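Worksheet: one structure, shown below.
Hydrogens, waters and symmetry mates are skipped; everything else that's a heavy atom, side chains included, is used. Treat the numbers as computed from the prediction; the structure is a model and nothing was measured. Note on naming: letters A, B, ... go to the chains in the order of the sequence lines (proteins, then strands), and numbering restarts at 1 for each one.
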Amino acid sequence: MALRFYNSLSQHLEPFSPQDGRTVRMYCCGPTVYHYAHIGNLRTFTFQDILRRWLRSSGFALDNVMNITDVDDKIIRAAMGQGKTLQEYTAEYEAAFLEDMATLRLERPEHVVRATEHIGEMVELIQQLGAKGFTYESDGSTYYRIARFPEYGKLSHNDFGGMIAGARVDVDEYDKDDARDFVLWKQKKEGEPSWDTPIGDGRPGWHIECSAMAMKYLGSTLDIHAGGIDLQFPHHENEIAQSEAVTGKPFARFWLHAEHLIVEGQKMSKSLGNFYTLRDLLALGYAPETVRYLLASVPYRNKLNFTMEGVKAAATAIDRLRNFELRLRSERFADDKNAAATERASAATARFREAMDDDLNTAGALGVMFEFLRDTNSAMDAGQFGIENAYEGLVLLALFDRVFDVLRPTATAGGLSDEAVAALVAERVAAKKARNFARADEIRADLDTQGIVLEDTKDGTRWKRK
RNA sequence: GGUGCGGUAGCCAAGUGGUAAGGCCAGAGUCUGCAAAACUCUCAUUCGUCGGUUCGAUUCCGACCCGCACCUCCA
């Protein structure tokens, strides 16, 4: 079976390939930079990263846009409260976000674009909508008239029949003709930041930025539009309404939505005290790749129950994979090739690919890896394993790690160099040979305090960092 | 009320019309100068409840119970 994704639009699993057969044009809803990203946000961005990496492993090139929302009500309120400009206020959180991404080994999309740098494109899009009769003005602001877009609701599968269209409903601080209508351009309020444009002095609504930036960089029809499940309605529904009203073409072929993360079985919230940022977790002593593993290990369409026990389990699981890689690299094997082992590696590779192709079934893919790990360890113990097989195993691990990216430990500052460790290990081996166990144990204890663990195996002593 | 998702071992979590992957924890063992580390083995007659279809259902259908999300800002 080929690569397939669950498309929220059709509510079915569909085979995927890009329009041009080569480059995947993908838009991912990025962060609103008014606070530090929490692990729930990062779950979604980790999903987007896994998606990127698997698309590339499947042979496609990527053209991926991620937006940074750096203007909205909350940002304006917070910035004004601190007497800062929008840019002064958002710069810190944007930088922190990009840093978190790098720490979690999330690849930087080809284009990371700011809303405030695309006001012109948004205004142009609103004007086009206006020319086609999809907008109206009320109290100086511009709104989208949902009644003109009959397909509204096709993504979220909401039935709006129960709502009373045409009734004048007061929502928020603005007057709208229909409760579903949303603001495209907000009239300037005294003292707030604004842009003086042909459609008035004001600022953009939230939804228009994604339509404008997506189409600017990726064209009228995207291959994939991804984001958190909560954005499905109204944000993504509104993006469709805005974009398709202007182009008359499907805005995105595939819509992929990541489920939410919950913490210890409960919705994450500051009041429950279970609200974590990546920094919080690192401060507790967890490695970034541990968090990455945990966030990636549950398939993206399932809720992910984040627990401290789960973080520990992730750390242990990574250790096993690393130990396995170390064994493949360091143990001496016969200079040949065992047919059964070769068959095992190719079968595992096929099953790993099949799991990932199946709508990114990361849990299934991990299951394949651990099964392979156990069977291979047994084969190595039994001597039914050659150097060629070690190479095959490492190739599979490399395929795995191009997507999961957890095998390389995050470098910690300071500590002993590899050379220094190797020298001490050699000294200990010599001491053992001379039956000077006191000195050998001293070195072992010494290295232990420096975070170096020794393993005495039948092939000699090997070491690793904790 | 509408829409959608889910209930699989102590915890996390795949999966299939043919009799339950994997990870963690726990127990046992192998290796070892002693350890540690590592590795191996064991660990759900059972998949929310009750019916139905079927030779056979955890997997399909129906009802019910429970939990959750969205319908307003939210990854």
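Rounded to whole Å, atom P of B/G6 lies 18 Å from atom CG of A/L261. Rounded to whole Å, atom P of B/C73 lies 19 Å from atom CE of A/M268. For the pair A/R322 CZ and B/C39 P, the interatomic distance rounds to 13 Å; values are reported in whole Å. A/E455 has its CD atom 10 Å from the P atom of B/A37, to the nearest Å. The separation between A/D357 atom CG and B/A14 atom P is 18 Å, rounded to whole Å.
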Please tabulate the protein-to-nucleotide N/O contacts below 3.5 Å involving nucleotides 67-70 of chain B, giving atom names and distances.
| from | atom 1 | to | atom 2 | distance (Å) |
| --- | --- | --- | --- | --- |
| B/C70 | OP1 | A/K267 | NZ | 3.2 |

Is there any protein nitrogen or oxygen under 3.5 Å from a nitrogen or oxygen in nucleotides 31-34 of chain B, and what are the pairs?
| from | atom 1 | to | atom 2 | distance (Å) |
| --- | --- | --- | --- | --- |
| B/G33 | O6 | A/D441 | OD1 | 3.4 |
| B/G33 | N1 | A/D441 | OD1 | 3.0 |
| B/G33 | N2 | A/D441 | OD2 | 3.0 |
| B/C34 | O2 | A/R444 | NH2 | 3.4 |
| B/C34 | N3 | A/R444 | NH1 | 3.2 |
| B/C34 | N3 | A/R444 | NH2 | 3.3 |
| B/C34 | N4 | A/R444 | NH1 | 3.1 |

List, with names and distances, any nitrogen or oxygen atoms from the protein found under 3.5 Å away from nitrogen or oxygen atoms belonging to nucleotides 19-25 of chain B.
| from | atom 1 | to | atom 2 | distance (Å) |
| --- | --- | --- | --- | --- |
| B/A21 | O2' | A/E371 | OE1 | 2.7 |
| B/G22 | OP1 | A/R374 | NH1 | 3.0 |
| B/G23 | OP1 | A/R320 | NH1 | 3.1 |
| B/C24 | OP2 | A/R320 | NH1 | 3.4 |

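Residue A/P299 is classed as a sugar-phosphate contact, given heavy-atom separations below 4.0 Å to backbone atoms only. Counting non-hydrogen atoms under 4.0 angstrom, A/L42 reaches nothing in the nucleic acid. Within 4.0 Å (heavy atoms only), A/L231 reaches sugar-phosphate atoms of the nucleic acid but no base atom. Residue contacts shown for A/G310 are absent, as no nucleic acid heavy atom lies under 4.0 Å away. Using a 4.0 Å heavy-atom cutoff across all strands shown, A/H235 reaches no nucleic acid atom at all.
You'll find the ring centres of A/F45 and A/F97 inside the 6.0 Å limit. The aromatic ring centroids of A/H236 and A/H257 lie less than 6.0 Å from each other.
Comment: A/E94 engages A/R114 in a salt bridge, judged by a side-chain N to carboxylate O separation of less than 4.0 angstrom. We find that A/R203 and A/D72 are not joined by a salt bridge, their nearest charged nitrogen and carboxylate oxygen being 4.0 Å or further apart. Salt bridge annotation for A/D459-A/R332: absent, with no cationic side-chain nitrogen under 4.0 angstrom from a carboxylate oxygen. Salt bridge present: A/D178 and A/R180 bring a charged side-chain N and a carboxylate O closer than 4.0 Å. Ionic pairing of A/E354 and A/R351 is not present here: no N-O contact between side-chain nitrogen and carboxylate oxygen is shorter than 4.0 angstrom. The pair A/D359-A/R301 meets the salt-bridge criterion, with a side-chain N (NZ, NE, NH1 or NH2) lying under 4.0 Å from an Asp/Glu carboxylate O.
Closest to the A/N305 side chain, of the nucleotides B/C74, B/C39, B/A13, is B/A13. Proximity note for A/N41 (side chain, C-beta onward) versus B/A75, B/C74, B/A37: the nearest is B/A75.
Using bins of under 30°, 30° to 60° and over 60° for the plane-to-plane angle, the ring pair A/F5/A/F16 lands in the tilted bin. Classified by interplanar angle (parallel below 30°, tilted 30° to 60°, perpendicular above 60°), the ring pair A/F404/A/F400 is parallel.
Judged by Watson-Crick or G-U wobble contacts below 3.5 Å, the nucleotide B/G33 has no partner.
Distance noted for atom C1' between B/C25 and B/U3: 39 Å (whole Å).
The CD1 atom of A/I68 lies 10.0 Å from the OG1 atom of A/T116; values are rounded to the nearest 0.5 Å.
Applying the 4.0 Å criterion to OP1 and OP2 of B/G15, one finds that A/N361 has a side-chain N or O inside that range.
With contacts defined as side-chain heavy-atom distances shorter than 4.5 Å, the pair A/W463/A/R465 qualifies.
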